Amino acid sequence: MGQPNERGSPVSAPAGQPDQAMAVLRTRAELVAARARLSGRLGLVPTMGALHEGHRRLIQRAASEADVVAVSIFVNPTQFGPTEDLASYPRDLAADLAVCRAEGVRLVFAPDPVEMYPAGTAEIMVQPGPLGMVLEGRVRPIHFAGVLTVVAKLFNLFQPHIGYFGEKDYQQLALIRRMVRDLDVPVQIAGCPTIREPDGLAMSSRNRNLSTVDRWRAVALSQALGAGAKVGIKGADAVLDAARAELSGVDTDYLVLRDPALGPAPKRGAARLLVAARFGTTRLIDNISVSLGDE
Ligand code: PAF
């Protein structure tokens with residue numbers, strides 16, 4: 001038996017040790033039973049699978065902060081619109097389980113859609129409010145209700161102490177923080193920096209669906225963000241102009257500057273530059289922090 005943790009419960013071994021047994025659970029009942037047997041602080045990394053280095057870093061961060069790490073792998077149908085890429089979203093459970101095992105994850109929950117939504121969908125859903133209707137929400141009107149609903153279900157099932165989410169999905173992270181605050185969900189939210197390919201492209205499961213040419217073209221997103229952030233000292237117009245110049249010929253849904261909470265951009269100080277664009281049938285998003293004005 002290991003050291004008592006801060007709640008005084010025994011912890012058998014630190015999180016992140018690859019040789020620990022990993023349980024793979026397919027039903028909510030199995031998950032609830034397994035959760036009841038865990039002690040110590042639980043870190044949850046919710047994912048839709050097709051795990052990449054960005055997910056690995058979330059798991060590693062969870063392992064460094066929590067006693068036990070759990071991962072959910074579920075391509076959540078309620079967050080996809082009828083014309084979106086639910087069918088083509090990449091899936092590779094065997095490879096995902098190998099990643100989780102190598103990172104010392106103790107518990108993986110990989111349910112089928114019917115297990116999560118026995119009636120086909122959830123009739124009662126978490127509504128994201130005004131922040132869920134702008135940017136991604138404008139292009140994907142049901143997206144955030146689906147995200148918040150499944151995240152709320154996962155929080156209820158896992159009862160984690162900390163939930164880990166990437167900053168690449170910046171609006172999603174902001175909405176999850178707000179849901180937790182507004183609904184008094186007893187979980188801490190950890191936002192983790194975007195992990196990038198060597199050429200700057202933000203890691204995303206959807207990158208696997210890019211053709212060779214589109215993969216090459218998609219680097220324009222991080223180049224645009226980098227060009228914008230570089231001229232932050234000159235103000236908002238200069239940031240947007242510099243970013244836009246890198247996006248010529250790119251099918252851009254939006255390129256916007258906001259404050260860190262996604263309200264109107266300030267004249268000076270901390271801001272966020274966000275972009276979404278389509279490359280063939282694949283839609284990608286990215287964002288970066290920008291310091292505006294001469295502070
Ligand atoms: O970011 C994702 O992968 C998904 O939106 C999430 C948070 C796992 C909910 O399905």
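No hydrogens, no waters, no symmetry mates; every other heavy atom, side chains included, goes into these values. Remember, it's 1-based here, ligands and their atoms both numbered in the order they're listed. None of these values were measured; they are calculated from a predicted model.
Against a heavy-atom cut-off of under 4.0 Å, Val150 is close to the following atoms of ligand 1: 9 (C), 10 (O). With ligand atoms numbered from 1 in the order given, ligand 1 contributes 8 (C) to contacts under 4.0 Å with heavy atoms of Thr47. Of all atoms in ligand 1, listed by their number and element, those nearer than 4.0 Å to a heavy atom of Gln172 are 1 (O), 2 (C), 4 (C), 5 (O), 7 (C).
Between Phe74 and Tyr117, the ring planes lie tilted relative to each other; the angle falls in the 30° to 60° range.
Residue Asp182 places its CG atom among more than 12 non-hydrogen atoms of other residues, nucleotides or ligands, all under 6.0 Å distant.
For the salt bridge (charged side-chain N to carboxylate O under 4.0 Å, His left out) with Asp253, the lone residue among Arg140, Arg283, Arg138 that qualifies is Arg283.
Any N or O atom pair closer than 3.5 Å counts here, and Asn76 shares no such pair with ligand 1.
With respect to Glu53 and Arg196, no salt bridge is recorded, no charged nitrogen being found less than 4.0 Å from a carboxylate O.
Closest of all the heavy-atom pairs between Glu167 and Asn287 is O-ND2, 2.9 Å.
Selection from Gln79, His55, Met48 by nearest heavy atom to atom 9 (C) of ligand 1 gives Gln79.
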